[in-house]
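Below: one structure, written as structure tokens.
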There are 2 protein chains.
Amino acid sequence: MRIKKQKDICEVKSVDKSRVKAIKKIMLSDRDVNGLSETFSVLADPTRIKIIYALSKEELCVCNVASILGISISAVSHQLRILRNMRLVKFRKEAKRVYYSLDDRHINRLFDQGLKHVRE
Amino acid sequence: MRIKKQKDICEVKSVDKSRVKAIKKIMLSDRDVNGLSETFSVLADPTRIKIIYALSKEELCVCNVASILGISISAVSHQLRILRNMRLVKFRKEAKRVYYSLDDRHINRLFDQGLKHVRE
DNA sequence: TTGACATTTGTTCAATTGCTCAAATATAAT
DNA sequence: ATTATATTTGAGCAATTGAACAAATGTCAA
């Protein structure tokens, strides 16, 4: 095979300059892009999906979530921390238990839209 | 610190059995869970988000996408393959160029819902 | 206090992922 | 055929991530 040095960066002459410029101008802000990718990342994990779904039905303690999903309490707690950091769930402590519930109406809508998509 | 063997699995007696059972019964199917996590995974990457956004505005060739995002053609092509596999984009060849466009109305809606969420 | 239960947290490890580079393929022009 | 342009693909690598396990914290009851 011949050796070719490839620039791998789009040559100016081969680019439709005005088209590229126009779209660059209306491109999403870094803030939007990061927000979107963070949001979708949280929803991109099977365990978290199940947790969110369960909590969308009812407030539950960590132990019950673990029971419902059939995974360890530790694993649930780790995932709940992620959801907490993203402010998707809120919690209240009652004696030894900690009860979690959904804390973001938007997420429910995103979730439902996603379900509609996969079930279409 | 005391050594305790911890089962890390919810003790039956501490679980609200009927509550757990009820939610287990209406839990999402594996199919739904996998579909959701795959769908959200595709949307969870900044590069793919930008590509999807750009393509939502206009049909574009690989080279122009690379130019708009300011990343290598190879990187774009790799990501486009993922979007192709998920059937989120379609393409048509014209001479040496390959033009991509969005091929899923649902994704646009999911995307917009996501934007609404992060901008709230 | 001691012990049991509920949850959280830190560490380690394996798997996944996105990128780069090099190479291959495809198409058209010389 | 050779060259140039456009895109795809495969390998290798660094960074991220989810799960498992151990240990720590917190709360209540005996």
Side-chain angles (χ1 to χ4, degrees), chain A residues 1-16 20 33-34 37-38 40-51 60-67 69-86 89 91-100, chain B residues 1-16 20 33-34 37-38 40-51 60-67 69-86 89 91-100:
Chain A
M1 184 238 185
R2 274 167 294 124
I3 307 284
K4 287 180 283 188
K5 40 184 151 177
Q6 174 174 337
K7 293 159 207 150
D8 207 29
I9 291 293
C10 206
E11 297 282 302
V12 178
K13 60 180 162 183
S14 68
V15 173
D16 179 336
V20 166
V33 171
N34 292 336
S37 79
E38 276 172 30
F40 287 126
S41 291
V42 188
L43 297 169
D45 177 72
T47 301
R48 285 191 296 269
I49 287 174
K50 290 178 199 162
I51 293 177
L60 292 165
C61 71
V62 179
C63 189
N64 278 4
V65 173
S67 235
L69 304 206
I71 65 175
S72 78
I73 291 171
S74 173
V76 170
S77 182
H78 274 294
Q79 298 301 343
L80 281 172
R81 183 163 54 109
I82 293 173
L83 296 174
R84 235 165 45 217
N85 290 343
M86 294 289 293
V89 298
F91 62 96
R92 86 188 154 81
K93 300 194 178 190
E94 185 175 317
K96 286 182 267 189
R97 304 287 188 83
V98 180
Y99 289 92
Y100 282 84
Chain B
M1 183 239 184
R2 278 167 290 123
I3 305 283
K4 290 179 280 189
K5 40 184 151 181
Q6 175 175 337
K7 292 161 205 144
D8 207 29
I9 289 294
C10 204
E11 297 282 300
V12 177
K13 60 182 161 182
S14 68
V15 173
D16 180 336
V20 167
V33 172
N34 292 335
S37 78
E38 276 174 31
F40 287 127
S41 291
V42 187
L43 297 170
D45 177 71
T47 301
R48 284 192 296 270
I49 287 174
K50 291 178 200 162
I51 293 176
L60 292 165
C61 71
V62 179
C63 189
N64 278 3
V65 173
S67 235
L69 305 205
I71 64 175
S72 78
I73 291 171
S74 174
V76 170
S77 182
H78 277 294
Q79 298 301 342
L80 281 172
R81 182 163 53 109
I82 293 174
L83 297 173
R84 235 163 46 216
N85 290 343
M86 296 287 293
V89 298
F91 62 96
R92 87 188 154 78
K93 301 193 178 190
E94 185 176 316
K96 285 182 268 188
R97 303 286 188 85
V98 180
Y99 288 92
Y100 282 84

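Each chain gets a letter, A, B and so on, in the order the sequences are listed, and its residues count up from 1.
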Original post:
For the pair made of CG in B:Leu80 and P in D:dA6, what is the distance, rounded to whole Å?
Top reply: 16 Å
Subject >> d(NZ, B:Lys96; P, C:dA29) in whole Å >> reply: 7 Å
Subject >> For atom NE2 of B:His78 and atom P of D:dG10, their distance in whole Å >> reply: 9 Å
Original post:
Looking only at side-chain N and O atoms, does B:Thr47 come under 4.0 Å of OP1 or OP2 in C:dG18?
Top reply: no
Original post:
When the nearest nucleotide of DNA chain D is assigned to A:Asp45 and to A:Ala95 on a heavy-atom basis, which residue is associated with the more 5' position?
Top reply: A:Asp45
Original post:
Would you say D:dT17 has OP1 or OP2 under 4.0 Å from some side-chain N or O of A:Gln79?
Top reply: no
**OP:** Take atom CD of B:Glu38 and atom P of C:dT17, then tell me their distance rounded to the nearest Å.
**Re:** 10 Å
Original post:
When rounded to the nearest 0.5 angstrom, what is the spacing between CD1 in A:Ile71 and CD1 in A:Ile51?
Top reply: 5.5 Å
Original post:
Is B:Arg48 reaching over with its side chain to a backbone N or O of B:Ser41, donor-acceptor style, under 3.5 angstrom?
Top reply: yes
Subject >> Short side-chain N/O contact to C:dG18 OP1/OP2 from B:Arg81, under 4.0 Å >> reply: no
Original post:
Reckon A:Ser74 has a side-chain N or O less than 4.0 Å from the OP1 or OP2 of D:dA20?
Top reply: no
Original post:
In whole Å, what is the span from the CD1 atom of B:Ile71 to the P atom of C:dT20?
Top reply: 7 Å
**OP:** Using atom CG of B:Leu83 as one end and atom C1' of D:dT7 as the other, report the distance to the nearest whole Å.
**Re:** 16 Å
**OP:** Answer with base, sugar-phosphate or nothing: what part of the nucleic acid does B:Tyr100 contact at a heavy-atom distance below 4.0 Å?
**Re:** sugar-phosphate
**OP:** Quickly work out the A:Phe91 CZ to C:dA6 P distance and round it to whole Å.
**Re:** 18 Å
**OP:** Would you please test A:Leu80 and A:Ser77 for side chain to side chain contact (heavy atoms under 4.5 Å, CB included) and show each step?
**Re:** CA-CA 5 Å; A:Leu80 281 172; A:Ser77 182; 5.6 Å; no
Original post:
Does B:Arg48 have a side-chain nitrogen or oxygen under 4.0 Å from the phosphate oxygens OP1 or OP2 of C:dT17?
Top reply: no
Original post:
From C:dC21, D:dT7, C:dT7, pick the nucleotide closest to the side chain of A:Ile73?
Top reply: C:dT7
**OP:** Respond yes when some side-chain nitrogen or oxygen of B:Arg97 is under 4.0 Å from OP1 or OP2 of C:dT27, and no when none is.
**Re:** no
Subject >> Nucleotide C:dT7, atom C1' - distance to CZ of A:Arg92 in whole Å >> reply: 15 Å
**OP:** Report yes or no: do A:Tyr100 and A:Arg84 form a side-chain donor-acceptor pair below 3.5 Å?
**Re:** yes
**OP:** Specify the closest pair of heavy atoms between B:Ser37 and A:Ile49, including all atoms of both residues, with the distance to one decimal.
**Re:** N-CD1, 3.4 Å
